[in-house]
Structures are given as structure tokens and as C-alpha cells.
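Chain letters run A, B, ... following the sequence lines, proteins first and then strands; every chain starts at 1.
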2 protein chains.
Amino acid sequence: MSRQPDFNVLTATCPSRTSLARIANKWTAMVVIALSAGDRMRFGDLRTTVDGISGKVLTETLRDLERDGLVARHAYAEIPPRVEYELTALGRTLETPLQALGHWAEEHITEVLAAREEYDARR
Amino acid sequence: MSRQPDFNVLTATCPSRTSLARIANKWTAMVVIALSAGDRMRFGDLRTTVDGISGKVLTETLRDLERDGLVARHAYAEIPPRVEYELTALGRTLETPLQALGHWAEEHITEVLAAREEYDARR
DNA sequence: CAGCATCCGAAGGGATACTG
DNA sequence: CAGTATCCCTTCGGATGCTG
């Protein structure tokens, strides 16, 4: 029955905007999409799956996702070290919206490319 | 019947990634969310609705969206000038996924804030 | 292997002033 | 009003080298 206080991402000072800034991000989207596929993934596997991401950026993205409670980190005290990542329950609620974005990009890229060509041709 | 060639946002060189980079972006999300609400919107109304956005960033975001065929621009040769923006048919297919992201941020911000507090407390 | 530290160039983004 | 142009600071992000 009780409703949340009015959170609104369009309001500059609303805390929800900090969350939007994190999830509405290409690296975040790709990492979550990668983690959606299977189970836990090792750091190195993620680095391979999210093609082109640098180690630094992957580390930072994972840290931020962990901080926001979207990703869980499992480190094993082995040599060489092994670290696995997986979506938390909260993170799994992001699978659908972020996969939707990824699919949109793949499904409509032809139209987008055509629009770009037309736009650029006009100038 | 015919299927698209394999577009995959996780592949570094896939053109669909350029599209993902554009739509998985906080300003893009907020502008599309703002345009989803009503009909056409004037530049100034958008600037007010997307609270905190600077004129420069709003201009750039709208140009990029126009170039990708997601937003249509209607300029009227009046004094003072009036320019209206609206989502194209293609842009409207983005309403649902991007609104979903906005809603996610608003609905889960409490959990996210709690996770951040816990994470920060541990260090 | 996973990561941190460092360096550095590129891109993002705000403020201000100006114009049709 | 809706831009454009400029300036400048901040953040992003790649490359390299080092460590447990």
C-alpha cells in the first residue's frame, strides 16, 4: 500500500539519477549482458567476452557494480589467483532491461546506419 | 525468414556497438524519457524537464539522436525562434527499454544506496 | 591470474559570451 | 529562443610495468 517517496531520474538532485548514470553506460551494459549468459565468470573470461575492454576499465566497472550490490565477487586464495563474478539477485533484475538495450542495438543497427548516412550526406 | 547477419554488441568491431554506446548513456536515456511523456517538445522545455542538463550537452545529445534517426527536429523560422523535437517511429521503439532503465533506477535506488553504504563501511 | 599504480591523451561536460 | 563558439576543468579510458 505504502508508496515510495517520489524518486525521479529527471530531477538533478534525486539519488536515483546516480543509479541511472551507472546502469545507463555501455560498459555496464556489456558486462551485465556477459554475466547474464552463464553462471559465474572469471575475470579473464569476462575480459575475453567483453571484447576490447581493457583490464583497468573492467576492474573499475566490476568494482562499481559490486559497490551498488549488482555483482558479487568471489576470490579464491590460490596460486595463480582465481576470481569469479556473478550477478546478485538485484543484478539479475537488470538482465532484462539491459539485454533489451543490447538487442535493440543489434536489431536496429541497419536502420541507424542508414539514418547516419543520410544525415551526413545532407551536410 | 531471412535472418540478419550476426550483429553482436560484445564484439569490439561490430557496428551495433556504436549504437549501444549512444543509447546506453544517461543523457540519451533522460532525453528519450522526457520525449516519451508528451508530444513534441521545445528545446527550452526539454532543458527544463531534463533537470540540470546544460545547453551544450542537450544540443549535442539531440544532434546525435537526430543523426541516428531517433529524433526529428522541427525548426520554425520565427522570431524568436521555435524548435520542436519528437521521437521518430524508430525512436519510439526505444521508449520501453529506456523507460525500463529509468524505472529500475527509481524503484531500486533504496537497495542500491544500502549496498553502497555497506560496501563503503567495509573499507 | 587478477589487480593496482602510473602516465597520458581523448572525450565529456560546465560556464560564459555572442548571434540570427 | 535556440543555438554556436570558446575556454577550461574533469572524467574516461588505453598502455605499460609491477606484485601477491
In this structure, how many angstroms lie between the [atom2] atom of [N] and the [atom1] atom of [X], rounded?
| X | N | atom1 | atom2 | value |
| --- | --- | --- | --- | --- |
| B/E66 | D/dG3 | CD | C1' | 13 Å |
| B/D64 | C/dG13 | CG | C1' | 13 Å |
| B/E84 | D/dA2 | CD | P | 9 Å |
| A/R47 | D/dA15 | CZ | C1' | 11 Å |
| B/E60 | D/dA5 | CD | C1' | 12 Å |

Exercise. Taking DNA chain D as the partner, which of residues 14-30 of chain B come within under 4.0 angstrom of it by heavy atom?
Worked result: none
Problem set entry | Distance under 6.0 Å and angle within 45° of ring axis: B/R47 vs B/F43 | no
Problem set entry | Degree of bending, the helix from C/dC1-D/dG20 to C/dG20-D/dC1 (end axes from five pairs; round to 10°) | 50°
Say you draw a straight line from [atom1] of [X] to [atom2] of [Y]; how long is it, rounded to the nearest 0.5 Å?
| X | Y | atom1 | atom2 | result |
| --- | --- | --- | --- | --- |
| B/T88 | B/E66 | OG1 | CD | 10.5 Å |
| B/L101 | A/N25 | CG | CG | 11.0 Å |
| A/R116 | A/I109 | CZ | CD1 | 5.5 Å |

Polar atom pairs between nucleotides 2-5 of chain C and protein, under 3.5 Å, N or O only, would you list them?
unit_1, atom_1, unit_2, atom_2, d
C/dA2, OP1, A/R42, NE, 3.1
C/dA2, OP1, A/R42, NH2, 3.3
C/dA2, OP2, A/G44, N, 2.9
C/dG3, OP1, A/R63, NH2, 3.4
C/dG3, OP1, A/R73, NE, 3.0
C/dG3, OP1, A/R73, NH2, 2.6
C/dG3, OP1, A/Y85, OH, 2.9
C/dG3, OP2, A/Y85, OH, 3.0

Exercise. Side chain of A/D51, backbone of B/T11: donor and acceptor closer than 3.5 Å?
Worked result: no
Exercise. Does a sphere of radius 6.0 Å around CD in B/E117 hold more than 12 heavy atoms from other residues, nucleotides or ligands, not counting ones at 6.0 Å or beyond?
Worked result: no
Exercise. Is A/L90 reachable from B/Y119 through a run of hydrophobic residues whose side-chain heavy atoms are each under 4.5 Å from the next?
Worked result: no
Seminar exercise, completed: Heavy-atom nearest pair, A/G52 first then A/W27, reads O-CH2, 4.4 Å
Seminar exercise, completed: Closest heavy-atom pair, A/V9 versus B/A105, reported as atoms and distance to 0.1 Å, is CG1-CB, 3.9 Å
Exercise. Can you check whether B/L58 reaches B/V50 side chain to side chain, under 4.5 Å on heavy atoms?
Worked result: no
Exercise. Side chains of B/M30 and B/I53: closer than 4.5 Å at any heavy-atom pair?
Worked result: no
